[in-house]
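To keep things clear, I will list the structure first and then write my remarks on it.
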Amino acid sequence: MTNMLVGLRDWVDARLPIVRAWDTHMGKYYAPKNFNFWYFFGVLSLVVLVNQLLTGVWLTMSFNPSAEGAFASVEYIMRDVDYGWIIRYMHSTGASAFFIVIYLHMFRALLYGSYKKPRELIWIFGMLIFVCLMAEAFVGYVLPWGQMSYWGAQVIISLFGAIPVVGDDLVTWIRGDYLISGITLNRFFALHVIALPIVLLALVVLHLLALHEVGSNNPDGVDIKKHKDENGIPLDGIAFHPYYTVHDLQAIGVFLFVFCFIIFFMPEMGGFFLEFPNFEEANSLKTPEHIAPTWYFTPFYSVLRAVPDKFWGFIAFAASVAIPFMLPWLDRSPVLSWRYRGWMTKVALVLFVSSFLVLGVLGVKSPTPSRTFLAQICSIIYFGFFLLMPIWTSLDKTKVVPERVTEDGGIGFWGSIGGLILIGVLAFLPLKAAGSESAHNCGAMACDEISVNPNDKASLQNGAKLYMNYCFGCHSLQYSRYNRIALDLGIPEDLMQDNLMFDPSQKLGSLMENAMDEDLAKVWFGATPPDLTLVSRARQPEWLYTYLRNFYRDDSRPYGINNRVFKDVGMPHVLLELQGMQECAMGPVLAHNGGVKRDPLMTGEDLLEEPCGNYTIAEAGSMTPVEYDAAMYDMVNFLAYTAEPIAAKRQRIGVYVLLFVVLFFIFAWLLNREYWKDVH
């Protein structure tokens, strides 16, 4: 069998030089033996690239690239496709992970001068990869067809309208229509799954070919080709395979642990990896309160917003992406690595990275005068780093560079961590000075804190009963199925059919679409009642819980009620018989955040009285306030479950996956130690 395989290899190699290619790029490619942990991010970017390609292929099998079906197909993938949720989370988390490892990879190049002669072309290809990745991420971000997908695309595409003469025509050409529509979505889908991946893969290949032609840089910036043995092998080099392949397995293990932890335990990452407004279907008539691109675009978006004029803002935005291309010719230092440069390089690099982080955070937040001023300062620092580089790199004093690589040079792992902490502090302090958020999560008040529990079957069953009896007539659960809920909540199917299915024509496997006519709903309420599954995900359970508890009498409204969380809400208080009629009363609130003050023991200057800071019960309901709060928790718990029915399963699987990754890391560490014991 072995002879057959060797013969097959030789037959192929005689016609396609696979052995020579392997030796050139792996087996006989000699890399410096003093790589530190900053050199892990190159291979990690390849790991994420493979993840994105494979998961993207699987997602396209169930995705419907049309304005009518895109959002529903994503929900179908998340709920009905076997393990579709993990494929989607791997892809969405991978998008953010890609930019994280790419930014750190670029930061390493700044540290050790990996863009300087003879590696200029490597840097150019790397920057082209970054620009291509930005385009790929942007068109992919539109595909889920959520609110932020739609309006983020609207804002970014409209920027091209600032270009004189051809701007409007260019915007129409990009959209493929006069407005963002299904045509836009379809062409972005084609770009995302076909055109841009081909370009991206070609650039990655060119990037690696250019790297292996001139050789890898190292933390000392020393050319290892200057000192070779009698066989022509660099004295300070080591074969990439097997030494660095097993060495990188450790980094892959650590990366997979963090990556899988996010996937299984916090896939939304607080709304940064999966933005909450994107859990609402795109609506061209409803503008989100704050429109911002996803986090990896926000540093450049902040540069755009820092310039008051639209045209010059667009120029600044484009320049902020383009100017790093010139880095190899702007840096006039005679040495590569910052290890042998002076204090000017270190100060400039720390200020640059801190300002970049500040710009990234400011781009997520809604603009205020103080934030705009801070963005302008950081934009000046950002451009100043590049434009003044010929001056400060020429003036900066340098140390003597050793002839050969050092094994213990640099500031080390903990020194690097200390430097990152310093950068973080320099980013945090200006942001703190610029002020916190100006609005509350629940309208004019802070949300009440709750913690939903998808494993509490009794709570979920009670919540399902309340929802089906009081809410389901208006608010559909159009992406959920009766039999799925019955199975997950432990409800026998016959009881589900007899007590929780009110339409005899519906089958047990049907989607839970309500029978209310949309046109009739618009006449009664002014709009079609939303799917509260999506509300629970888009606004979070805390918002929904606070909303359901804060109805009060308002005779000026058509149904005689209002809501403190959703002012001038159009719906009646269908839970009135349970809660009773609340009336506003003077009550204490927290002056510093506007939240309802519910702790009677708190006193002091933080408290103030306002006309609707408390409630009195004018007409008692069938439940006491405590019972009603518990009932609303059960209902919100049920809605949080229907928003993501795999949450409990996801967390269960996550424990086993993390244990496996830990075992993988242990074996990778032992294997690496065995290979490297004779190298050092």
Side-chain angles (χ1 to χ4, degrees), residues 147 276-277 279-281 283 285-290 439-448 450 463 466-478 514 516-585 587 589 594-596 610-619 621 623 625 628-629 631-636 638-640 642-643:
Q147 273 289 76
F276 296 136
F279 291 110
E280 292 185 70
E281 189 170 5
N283 185 347
L285 302 178
K286 180 183 176 184
T287 308
E289 294 179 6
H290 173 54
H440 303 295
N441 293 332
C442 287
M445 56 190 293
C447 292
D448 296 321
I450 65 166
L466 290 168
Y467 188 86
M468 300 301 286
N469 281 285
Y470 289 96
C471 306
F472 190 53
C474 296
H475 299 274
S476 72
L477 299 177
Q478 59 185 324
N514 66 299
M516 173 174 278
D517 181 79
E518 291 189 6
D519 294 333
L520 188 60
K522 290 179 180 179
V523 172
W524 285 0
F525 306 123
T528 303
D531 184 334
L532 293 185
T533 292
L534 304 179
V535 173
S536 171
R537 202 90 194 267
R539 294 183 179 267
Q540 296 297 283
E542 294 82 3
W543 185 94
L544 199 54
Y545 178 69
T546 310
Y547 167 75
L548 291 172
R549 298 172 65 241
N550 277 275
F551 287 99
Y552 65 92
R553 186 196 297 273
D554 184 350
D555 294 330
S556 67
R557 300 295 300 151
Y559 292 101
I561 59 97
N562 211 329
N563 192 286
R564 288 191 66 200
V565 176
F566 197 134
K567 190 176 185 300
D568 296 338
V569 63
M571 64 171 282
H573 186 12
V574 296
L575 301 167
L576 181 62
E577 66 172 86
L578 302 180
Q579 184 183 28
M581 179 60 76
Q582 296 188 135
E583 290 187 346
C584 282
V589 298
V596 174
E610 71 169 35
C612 203
N614 211 335
Y615 297 119
T616 59
I617 302 296
E619 301 172 16
M623 293 182 175
Y628 181 78
D629 288 351
M632 292 306 98
Y633 170 82
D634 291 342
M635 186 185 292
V636 171
F638 169 72
L639 288 169
T642 55

Per the salt bridge (Lys or Arg N to Asp or Glu O under 4.0 Å) rule, what does the pair list look like for residues 570-585, sequence neighbours excluded? Arg553-Glu583
For Asn562, check side chain to side chain contact (heavy atoms under 4.5 Å, CB included) against everything at least two apart and list the hits. Tyr552, Asp554, Arg557, Lys567, Asp568
Residues which pass side-chain hydrogen bond (donor to acceptor under 3.5 Å, both in side chains) with Glu280, listed by chain and number, not counting sequence neighbours: Lys286
Inter-residue atom distance Met635.CE - Leu575.CG, 0.5 Å rounding: 5.0 Å
Can you list the residues that meet the side chain to side chain contact (heavy atoms under 4.5 Å, CB included) rule with Gln579, with sequence neighbours excluded? Phe551, His573, Gln582, Tyr628
Under the disulfide bond (SG atoms under 2.5 Å apart) rule, collect the residues that match up with Cys471, sequence neighbours excluded. none
For side-chain contact (heavy atoms from CB on, under 4.5 Å), just list the numbers for Leu466 and Leu578, CA-CA rounded to whole Å, side-chain angles, deciding distance to a tenth of an Å, and then say yes or no. CA-CA 10 Å; Leu466 290 168; Leu578 302 180; 4.3 Å; yes
State whether the side chain of Asp448 and the backbone N or O of Tyr545 hold a donor-acceptor pair below 3.5 Å, judged by distance alone. no
Phe472, Phe638, Tyr467 screened by side chain to side chain contact (heavy atoms under 4.5 Å, CB included) with Leu532, the one that passes: Tyr467
Within this structure, what is the CZ-OG1 distance for the pair Arg564 and Thr546, rounded to the nearest 0.5 Å? 10.5 Å
Hey, mind stepping through Phe279 and Thr533 against side-chain contact (heavy atoms from CB on, under 4.5 Å) and telling me if it holds? CA-CA 9 Å; Phe279 291 110; Thr533 292; over 6 Å; no
Using the side chain to side chain contact (heavy atoms under 4.5 Å, CB included) criterion, which residues pair with Glu281? Sequence neighbours excluded. Phe71, Tyr479
Verify, without hydrogens or angle tests, whether Asp531 (side chain) and Gln478 (backbone) share a donor-acceptor contact under 3.5 angstrom. yes
Output for pair (His475 NE2, Leu639 CG), nearest 0.5 Å, gives 10.0 Å
Between Ile561 and Val569, is the side-chain contact (heavy atoms from CB on, under 4.5 Å) condition met? List the steps. CA-CA 8 Å; Ile561 59 97; Val569 63; 4.2 Å; yes
Hey, could you give me the CG/CZ distance between Leu544 and Arg539, rounded to the nearest 0.5 Å? 10.0 Å
side-chain hydrogen bond (donor to acceptor under 3.5 Å, both in side chains) with Ser536: which residues, sequence neighbours excluded? none
